[in-house]
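One structure is given here, and the rest of the page talks about it.
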Amino acid sequence: MNQVDYLRISLIDRCNFRCQYCMPEGTDLTYALQQNLLTQEELLTLLHEVFIPVGFTRFRLTGGEPLLRPGVVEIVQAIAQFPETQDLSMTTNAFLLAGMARELYNAGLRRINISLDSLQPDVFDAIIGHHGRSRWQQVWDGIQAAYQVGFNPLKLNVVVIPGVNDQEVLDLAALSIEREWHVRFIEFMPIGNDYLFSDRGWVSSEELRQRIRDRWGLTDGQVRGNGPADVFRIPGAKGTLGFISQMSECFCDRCNRMRLSADGWLRPCLLNETGQLDLRTALRSGVPLAQLRQQVRDLLLLKPEINYKERDSGTTGTYNRTMSQIGG
Ligand code: SAM
């Protein structure tokens, strides 16, 4: 087992997009009530008094859409200033990024992952469930702003859905050639949109790699990285190509993370709801911080058993919470 030192923190469960694979239009999404979200103070207390003391040093802010969280820049600044923080990153859809990239960078954020599922505005808008004036350009401007401000590495996340955007895999991979942009292809998971999933399924990373290999060749990247991606490079490219293959492969033995939802649930495994801790209720009812630390330590010990390694292919079953609620 890897050391578990990485916490994905969902700052908010709401999003300004309705991605088909995550929170499709028409589905009954129940949001946490405002009073049930961890306040900024509660979040920082949990990080400083519970997570850091038990060994977490790397944090990713996600959502929902983290840029919708009031006070997000202040939260970044506070986490970046903890002396124990070794890494702080964010996953965003970049819709609001152009106007915030500089402030976030100045607050101490250095790494950013941006979801970009298509280079074609009409396909992009269909994926994000948007009607009306296209949102693609504003997202693209957000990516350019992040690049100019100096976020490095800058990663672009692509969820590949057969028949929707898989015909663009070569165009998206080509973004890694000229600039030091790291494109990561994620196998679509049966969370959030069972209908789309059973209709279309997923494309294996190996199949994507073969398409890319046939076009340009593909070399193993030197870095495996700390995360779940297998990293490759188009020969001569400045950036890399990562493949996150949770459907075709099981990488639970490499899992180094837990997830904290916006309403304060600590979840030890993305695909298994066992063992979750309601830290918000505990904190608000005055459970001593030492006791919370012990509960999290106990959960860390249990995590290898909870990890979703016993799945068959992972293609069956749906999950109670969507990625936007868990903090994907
Ligand atoms: N709103 C931000 C964004 O769009 O990047 C952060 C939250 S989003 C839930 C985080 C990541 O989860 C995105 O890269 C998204 O593509 C991915 N994701 C959501 N649902 C997924 C699914 N069913 N399968 C695979 N990845 C998914």
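Whatever order the structure lists ligands and atoms in, that order sets their numbers, starting from 1. Just so you know, these numbers use all the heavy atoms, side chains as well, and skip hydrogens, waters and symmetry mates.
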>> Run the side-chain hydrogen bond (donor to acceptor under 3.5 Å, both in side chains) test against Asp171 and tell me which residues pass, sequence neighbours left out.
In response: none

>> Within the 4.0 Å heavy-atom shell around Phe188, which atoms of ligand 1 are there?
In response: 23 (N), 24 (N)

> Of all the atoms in ligand 1, which lie at a distance below 4.0 Å from a heavy atom belonging to Glu65?
Replying inline: 1 (N), 2 (C)

> With a 6.0 Å cut-off on ring centres, are His130 and Phe17 close enough?
Replying inline: no

> Between Phe59 and Arg8, is there a cation-pi geometry (under 6.0 Å to ring centre, at most 45° from the normal)?
Replying inline: no

> Should the pair Arg267 and Trp265 be classed as cation-pi, given the thresholds of under 6.0 Å to the six-membered ring centre and 45° from the axis?
Replying inline: no

> Does Asn157, backbone or side chain, put an N or O under 3.5 Å from an N or O of ligand 1?
Replying inline: yes

> Backbone, side chain, both or neither: what part of Asn93 comes under 4.0 angstrom of ligand 1, heavy atoms only?
Replying inline: both

> Around atom CD of Gln294, are there more than 12 heavy atoms of other residues, nucleotides or ligands at under 6.0 Å?
Replying inline: yes

> Considering only heavy atoms of Ser115, which atoms of ligand 1 have at least one such atom less than 4.0 Å away?
Replying inline: 3 (C), 4 (O), 5 (O), 13 (C), 14 (O)

> Less than 6.0 Å separating the ring centroids of Tyr105 and Phe151?
Replying inline: yes

>> Heavy atoms only, cut-off 4.0 Å: how does Ile114 contact ligand 1, side chain, backbone, both, or neither?
In response: neither

>> Check contact between Gly64 and ligand 1, using heavy atoms of the residue and a distance below 4.0 angstrom.
In response: yes

>> More than 12 heavy atoms of other residues, nucleotides or ligands under 6.0 Å from CD of Gln35: yes or no?
In response: yes

> Does Arg14 make a cation-pi contact with Tyr31 (under 6.0 Å, within 45 degrees of the axis)?
Replying inline: yes

> Side chain or backbone of Thr91 under 4.0 Å from ligand 1, or both, or neither, by non-hydrogen atoms?
Replying inline: both

> Just which atoms of ligand 1 are under 4.0 Å from any heavy atom in Gly63?
Replying inline: 7 (C), 9 (C)

>> For the 3.5 Å polar cut-off, considering only N or O atoms, please tell me whether Tyr21 and ligand 1 meet it.
In response: yes

> Using 4.0 Å as the upper bound for N to carboxylate O, is an ion pair formed by Asp278 and Arg284?
Replying inline: no

>> Could you tell me, atom by atom, which parts of ligand 1 come under 4.0 Å of a heavy atom of Thr62?
In response: 6 (C), 7 (C)

> Any N/O of Met189 closer than 3.5 Å to an N/O of ligand 1?
Replying inline: yes

> Can you list the atoms of ligand 1 that are under 4.0 Å from a heavy atom of Glu187?
Replying inline: 25 (C)

